[in-house]
Amino acid sequence: MKRFILIITVLVLAMSSTVSCGGKYEPIDSTENELRVVGYVNGYEIYYDELLFATFNNKILFAEKYSLSANGGDDWTPYLEEFEQSVYDGLKYNYAIQILLTESGYSLDNESIQSAVTEDIRAIIDQCGSRTKYKKYLKDMVLTDRLLRFNISIAYASNELLFLMNDRGAFDDKVDFDIELLADASPLPSNPFHDEFFKAMAKLMSGDVYIQAESVFVPKDVANSENVAKSILDKANAGESLSEIQKKYSDTCQYTALADVFETDIYFESLKDISENSYTMITANDGYRILKRMPYNMNYIQQNCYTIAYAYVESVFKQSVSNYASTLTIELTDFGKSLNLIKIN
C-alpha cells in the first residue's frame, strides 16, 4: 500500500533537494533554556523552543492579517486573546496527532518515521552546505534541531494516522470511495471505468461536499475595503465578470479563477446556499471575499479527480484532528504563565 509523503512543514519542502557533500548529521543538543517546560498536554511536555517557534510564526501571520509590526511599535492588545489562542491551538494540534497515533498502537519513535526524518535532516544539512550553515538556518527560522526533527516526525505521523483512521472506518460516514486505491492511482486513471473513480466523481459532484468557486479577495488594509468589496459585488451582480472587475484593483485585490471548496471550508455553507453563477460576499478578520459559485468544470474534475478526492479526505481528517485538539487542555507551568507571548523574541 502506497503512503503519500505529505510533509506539512514548509521548512522541509523549501529545502528538500539533496546536494551531495560531506557533513556530520548527529543531533544538535538543545540548550537548557530551549528545553524549559512551558506546559503539559495529556502528560506530554511542551518545551520553550516549541512555544517560541509557534509564537514567531503567528506573529508573522497576525502582522499581515491586521497590518501590525511583528517587531513591536504597534498595540497588539486588541488581538492578544486571539493571538494566544492561535499559538496554543497550533501546539495542541501537534500533540493531538501524537496522542491519536499512540492510541492507534504507533508512536513517533516508529522506525519508518524516524528513518524518514533522518533522511530529511541529512538532505537539509546537505542543502545548507555545512553543519555551520545548518545551524544558521535553524537560528534564522527560530528553530532548534530537536524541534525540526519533531515537526518532521509529526508530519509523517499525520500522514500515517490518516490511513490508520481510514482503515478503521473513521471516515465511513464521509467517504464512500477507497482512498487506498485513489492514493495509488495516477491523476487520470488508466481505466476510466474504475469503480473508485466513479464513486469519487459522484461524491464530488453531489454538491454536499465539494463546490468550485471563483473569487476576489479584498484585504482589510485596503482603503475603504468594505466599500470596495461591496462595489465589486454590485458590479458582478450587474453582469461584469470578476476577472475583468479585478483588473481595476489588481494592485490591491487578489483574483482566483478556480478554487476547490470542501465542506470543511468556512466558505462552503455560504456557497451551498446560492445557485450556480450567483455571487456572495463573506466577511472575515483579514478582509472580504466576493465568491461566485461556478458550474462544475467537468474536464478539470476528470483530470484531477483522484487529487481532489484525496484532498477532500485530507480536509476531513484535519477537521477531525482539530475537533479532537479542541478538547485538549494545555496546563501551563509557572514559567509558561509568566511569559507574555507578544514580547517573546
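The model shown is predicted, which means the values in this text are computed figures rather than measured ones. Below, each value reflects all heavy atoms present in this structure, side chains not excepted, and no hydrogens, waters or symmetry copies.
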Decide yes or no on side-chain hydrogen bond (donor to acceptor under 3.5 Å, both in side chains) for Gln98 and Asn94, but give the supporting numbers first.
CA-CA 7 Å; Gln98 190 169 356; Asn94 283 349; over 6 Å; no
Going through the distances and angles, do Phe317 and Tyr93 end up as a ring-ring contact (aromatic ring centres under 6.0 Å, His included)?
CA-CA 12 Å; Phe317 166 73; Tyr93 186 92; 7.6 Å; no
Go through the steps for Ile46 and Leu332 under the test side chain to side chain contact (heavy atoms under 4.5 Å, CB included), then give the verdict.
CA-CA 9 Å; Ile46 303 174; Leu332 293 175; over 6 Å; no
Carefully, step by step, assess Tyr134 and Gln127 under the rule side-chain hydrogen bond (donor to acceptor under 3.5 Å, both in side chains).
CA-CA 9 Å; Tyr134 171 61; Gln127 180 68 18; over 6 Å; no
Under the side chain to side chain contact (heavy atoms under 4.5 Å, CB included) rule, what do Glu50 and Leu147 come out as? Steps first, then yes or no, please.
CA-CA 7 Å; Glu50 297 170 58; Leu147 180 56; 3.5 Å; yes
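Residues Val142 and Ile124 share a single hydrophobic cluster, defined by chaining ILVMFWY side chains whose heavy atoms lie under 4.5 Å apart. Side-chain heavy atoms closer than 4.5 Å link hydrophobic residues (I, L, V, M, F, W, Y) into clusters, and following such links, possibly through other members, connects Ile344 to Leu80. Cluster annotation: Tyr44 is not connected to Val37 through the hydrophobic network of ILVMFWY side chains, with a link wherever side-chain heavy atoms come within less than 4.5 Å. The hydrophobic clustering, which links ILVMFWY residues whose side-chain heavy atoms are closer than 4.5 Å, places Ile290 and Ile245 together. In the hydrophobic clustering of this structure, Leu328 groups with Met165; members are Ile, Leu, Val, Met, Phe, Trp, Tyr whose side-chain heavy atoms approach within less than 4.5 Å, directly or through other members.
More than 12 heavy atoms of other shown residues, nucleotides or ligands fall within 6.0 angstrom of atom CD in Glu103. Residue Tyr106 qualifies as open at atom OH: its count of foreign heavy atoms under 6.0 Å is 12 or below. Within a 6.0 Å radius of CG in Asn224, no more than 12 heavy atoms belonging to other residues, nucleotides or ligands are found. Within a 6.0 Å sphere centred on NZ of Lys248, heavy atoms belonging to other residues, nucleotides or ligands number more than 12. The 12-atom threshold is exceeded at CD of Glu240, counting heavy atoms of other residues, nucleotides or ligands nearer than 6.0 Å.
The shortest distance between side-chain heavy atoms of Tyr267 and Ile211 does not fall below 4.5 Å. Using a 4.5 Å cut-off on side-chain heavy atoms (C-beta onward), Leu138 and Asp49 make no contact. When side chains are defined from C-beta on, Tyr156 counts as touching Asp120, because their heavy atoms get closer than 4.5 Å. Here the side chains of Met201 and Tyr296 are not in contact, with every heavy-atom distance at 4.5 Å or above. In this structure, the side chains of Val216 and Tyr249 stay at 4.5 Å or more apart for every pair of heavy atoms. Residues Tyr47 and Arg36 fail the side-chain proximity criterion, which asks for heavy atoms closer than 4.5 Å. In this structure the side chain of Leu242 never reaches within 4.5 angstrom of the side chain of Ser215, judged on heavy atoms. Side-chain atoms of Met294 and Tyr300, non-hydrogen and from C-beta on, never get closer than 4.5 Å to each other.
In this structure, Arg289 contributes its side chain and Ala284 its backbone to no donor-acceptor pair below 3.5 Å. For Asn159 (side chain) and Ala155 (main-chain N/O), no donor-acceptor pair under 3.5 Å exists by modelled atom type. Side chain of Ser158 to backbone of Ile154: no donor-acceptor contact under 3.5 angstrom is found. A donor-acceptor pair under 3.5 Å is formed between the side chain of Ser241 and the backbone N or O of Glu244. Not one N or O on the side chain of Ser225 forms a donor-acceptor pair closer than 3.5 Å with the backbone of Asp221. Remark: side-chain polar atoms of Lys59 are paired, donor with acceptor, to backbone N or O of Ile342 under 3.5 angstrom. Arg146 contributes no side-chain N or O that, together with a main-chain N or O of Leu35, makes up a donor-acceptor pair within less than 3.5 Å. Using a distance-only test at 3.5 Å, with no hydrogens or angles considered, a donor-acceptor pair links the side chain of Ser320 to the main chain of Val316. In terms of modelled atom types and a separation under 3.5 Å, the side chain of Ser86 and the main chain of Phe83 share no donor-acceptor contact. In this structure, the side chain of Asn166 does not engage the main chain of Leu162 through any donor-acceptor pair within 3.5 Å.
Ring pair Tyr310/Phe163 is tilted by interplanar angle, where 30° to 60° counts as tilted. Ring planes of Tyr306 and Phe197: perpendicular class, angle over 60° (limits at 30 and 60°).
Judged purely by distance below 3.5 Å, without hydrogens or angles, the side chains of Thr31 and Asn33 never pair a donor atom with an acceptor atom. Looking only at atom types and distance, the side chain of Tyr312 has no donor-acceptor partner in the side chain of Asp260 under 3.5 Å away.
A salt bridge does not link Asp234 to Lys230: none of the charged nitrogens lies less than 4.0 Å from a carboxylate oxygen. Salt-bridge formation is detected for the pair Glu263/Lys174: a Lys NZ or Arg NE/NH1/NH2 atom is positioned less than 4.0 Å from an Asp or Glu carboxylate oxygen. Under the 4.0 Å criterion applied to side-chain N and carboxylate O atoms, Lys136 and Asp140 are assigned as salt-bridge partners.
We find the CZ-CG distance between Arg293 and Asn277 to be 10.0 Å, quoted to the nearest 0.5 Å.
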